[in-house]
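To start, the structure itself, in structure tokens.
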Amino acid sequence: MGSSLWAGISGLNASAKQMDVIGNNIANVNTIGFRAGKVFFSDVLSQSLSGGASGSMQVGRGVAVEDIATQFGSGSFETTSNATDVAVDGDGFFMVNDALGATYFTRAGAFHMDNEGYLVDTNGYKVQGYCYDTATGALGSTIEDISLRNVQSAPSATTVFSVGVNLNSDTAAGDTFNATQTVYDSLGDKHTLNIAFRKTEGDGYWGIEATLDNAAVSSQSMHGVTFDSDGNLDDVYTATAIPTAAYDGSAGDGTYTVAVNTNKEGQLWKDAAGLILTRTGATTWGVTTPQGYTNATATADATHIYLDLDGAGGADITVTLADTWANNDTVSIDIDQSGTAATDLTLTIPALPNGATIGAANVIDWNLVGSDALSITGYASTSVIKSLSNDGYASGLLKSLSVESDGIISGFFTNGQTAEVGQICLADFDNPWGLKRMGSNLFAETVTSGAAIMNTPGASGLGELTANSLEMSNTDIATEFINMITAQKAYQASARVITTTDAMMSELMNIRR
């Protein structure tokens with residue numbers, strides 16, 4: 001009878017311990033990342049009544065709690081509005097370090113940025129992973145505290161641009177349409193790039209004059225475009241003016257040089273042999289052979305002639321006079337225009353005052369006909385900018401974050417750029433049931449669990465991450481209620497064993513009476 005008394009007591013203790021575990025599971029039903037416990041019982045070594053080595057005539061000595069095992073099955077996911085809330089869909093634990101550098105493991109992915117720029121959990125422990133290396137511009141290779149305090153989007157100089165416009169074919173000769181966009185130098189400073197399309201007297205011919213911050217670019221590979229009869233971009237062209245001879249109407253011995261004013265080659269749209277200017281006064285010259293430039297006009301001072309080919313104002317060609325000139329002396333200029341099938345153009349930018357550069361060594365490409373080029377048309381409709389693009393941008397500050405399934409943390413910056421700024425790593429164990437609970441949703445590595453196996457989410461059997469989500473407790477309320485009833489009944493039954501044994505022992509004591 002003594003054995004039954006002790007067996008009943010062991011039943012009470014075991015059922016009470018089971019209720020402790022059930023109560024803890026239910027109490028943590030809303031704890032993020034909580035892992036429920038489960039009690040495993042074993043019978044106590046039995047006693048053989050026969051005293052032999054056979055398995056017959058054995059009486060049990062009660063029950064013992066063999067193990068309280070953590071259940072690592074996944075819990076349900078709850079959607080949140082915080083981009084740095086993440087849940088592991090599968091195996092693995094987040095790694096977090098306390099202030100002393102000790103590493104803990106958790107399934108609770110409620111993370112946020114602290115005041116020092118570190119990604120931390122609700123305990124203030126720092127999440128482990130790869131950080132952005134400012135020296136290489138890529139993610140590092142050492143697992144460390146994830147810090148975003150020095151993350152900034154570096155500026156990028158504009159190297160290529162494109163312009164999408166329609167240029168009204170009915171535009172009067174000399175009228176200009178401007179397409180202006182902001183471009184960036186290597187320091188992230190903004191500059192204004194303007195492409196002025198000036199209609200020439202030739203059908204379908206438009207000259208191009210590029211300026212940066214209202215200053216003419218140093219050079220252009222081509223200086224004009226042409227459209228076919230359907231208004232589609234056809235050719236690009238450039239031209240030059242060549243001095244031929246000075247015709248002396250008197251006894252003069254005048255000489256001269258000719259220069260096309262910067263970026264004005266687009267107005268030299270037609271070949272012209274012997275474009276003649278005749279001196280009519282000390283500061284007056286007339287265009288006597290326009291050769292297709294029907295609106296050409298000339299103004300002059302004592303030493304220069306300024307030739308406006310379309311008559312819309314502004315000098316296209318400057319003639320510099322030297323030596324002696326008299327009335328009726330003439331200046332002759334040949335215009336040599338050459339065109340080619342439309343192709344991408346280049347602009348050479350003069351040195352910038354801040355020492356920065358644009359493009360490759362201040363040469364910027366105009367994506368005019370590439371597969372991704374914005375289209376330029378010459379239809380008989382209002383001149384309009386359809387779209388503008390370039391690949392440059394200023395520096396930017398971190399504005400928001402997002403986390404990908406592989407743990408990559410992407411930053412969205414104030415300059416409109418997105419870049420990888422970190423990566424969360426996970427750990428797993430050969431025997432996760434050997435981990436030690438540390439409270440606060442944390443586990444610690446033990447000899448039984450084995451060393452942590454660290455890798456990125458989705459690799460080596462680790463689960464992937466789900467952003468804007470938190471994994472809830474894996475406690476199953478229905479199961480816990482059933483276990484609670486079972487534990488209660490077992491406790492009551494064990495108590496009955498004790499009271500019944502006590503009654504039997506009382507009867508034994510009464511035999512003497």
Side-chain angles (χ1 to χ4, degrees), residues 32 77-89 92-97 106-160 182-190 356 389-427 454-459 462-471:
I32 297 169
F77 288 2
E78 177 184 70
T79 301
T80 74
S81 59
N82 183 15
T84 54
D85 284 345
V86 286
V88 181
D89 186 6
F93 298 83
F94 300 109
M95 297 180 289
V96 294
N97 280 14
T106 181
R107 294 281 294 195
F111 303 142
H112 64 277
M113 304 302 301
D114 69 6
N115 59 353
E116 295 182 337
Y118 288 98
L119 187 65
V120 297
D121 69 358
T122 54
N123 302 304
Y125 292 176
K126 297 169 182 176
V127 182
Q128 301 298 291
Y130 299 116
C131 292
Y132 178 79
D133 189 338
T134 55
T136 63
L139 294 178
S141 57
T142 302
I143 295 178
E144 57 185 320
D145 300 341
I146 296 179
S147 173
L148 305 180
R149 58 183 170 182
N150 293 322
V151 171
Q152 185 176 6
S153 177
S156 178
T158 299
T159 61
V160 62
T182 299
V183 296
Y184 298 87
D185 64 26
S186 55
L187 295 177
D189 275 352
K190 296 180 180 180
S389 71
N390 72 79
D391 62 348
Y393 48 85
S395 62
L397 300 177
L398 187 62
K399 185 176 182 180
S400 62
L401 296 171
S402 64
V403 182
E404 307 300 326
S405 61
D406 60 357
I408 292 290
I409 303 172
S410 296
F412 180 73
F413 297 86
T414 53
N415 60 0
Q417 301 301 305
T418 300
E420 297 178 358
V421 297
Q423 186 175 21
I424 298 173
C425 289
L426 298 180
M454 296 172 282
N455 216 321
T456 55
L462 293 172
E464 295 184 340
L465 302 189
T466 301
N468 292 99
S469 299
L470 291 174
E471 183 183 13

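Every heavy atom of this structure was used, including side-chain atoms; hydrogens, water molecules and symmetry mates were not. If you read the sequence from its start, that first residue is 1, and numbering goes on from there. Predicted model, so just to flag it, every value in this text is computed and none were measured.
Considering only heavy atoms from C-beta on, Thr456 stays 4.5 Å or farther from Asp406 through its side chain. With contacts defined as side-chain heavy-atom distances shorter than 4.5 Å, the pair Lys190/Tyr184 qualifies.
Contact between Ser186 and Ala157 at its shortest, heavy atoms only, is N-CB, 3.6 Å. Between Met454 and Ala427, the closest heavy-atom pair is CG-CB, 4.1 Å. Minimum interatomic distance between Asp145 and Cys131 (heavy atoms only, all atoms of both residues): O-SG, 2.9 Å. Annotation for Met95 and Leu426: closest pair CE-O, 4.0 Å, computed over non-hydrogen atoms. Shown here for Gly458 and Glu464, the closest heavy-atom pair between the two residues is CA-CG, 3.9 Å. Between Gly188 and Pro155 the shortest heavy-atom distance is CA-CB, 3.4 Å.
With rounding to the nearest 0.5 Å, the separation of CD1 in Ile409 from CD1 in Ile146 is 4.5 Å. Atom CG of Asp85 sits about 13.0 Å away from atom CD of Glu471, to the nearest 0.5 Å. Atom-to-atom distance recorded for Asn150:CG and Asp133:CG is 11.0 Å, nearest 0.5 angstrom. Between the CG atom of Leu398 and the CZ atom of Arg149 there is a distance of 14.5 Å, given to the nearest 0.5 Å. Within the model, atoms CE of Met113 and CG of Leu401 stand 6.5 Å from one another, a figure rounded to the nearest 0.5 Å. Distance check, rounded to the nearest 0.5 Å: CG of Asp185 to CG of Leu187 gives 5.0 Å.
Of the candidates Leu465, Leu119, Thr466, Leu465 is the only one forming a side chain to side chain contact (heavy atoms under 4.5 Å, CB included) with Val403.
If you look at Phe413 and Tyr393, their ring centroids are not closer than 6.0 Å.
Between the side chain of Gln128 and the main chain of Lys126, a donor-acceptor pair closer than 3.5 Å is present. A side-chain donor-acceptor contact under 3.5 Å links Asp391 to the backbone of Thr159. Within the 3.5 Å criterion, the main-chain N or O of Phe94 finds no donor-acceptor partner in the side chain of Thr106. In this structure, Ser410 contributes its side chain and Ser402 its backbone to no donor-acceptor pair below 3.5 Å. Between the side chain of Asn468 and the main chain of Asn82, a donor-acceptor pair closer than 3.5 Å is present.
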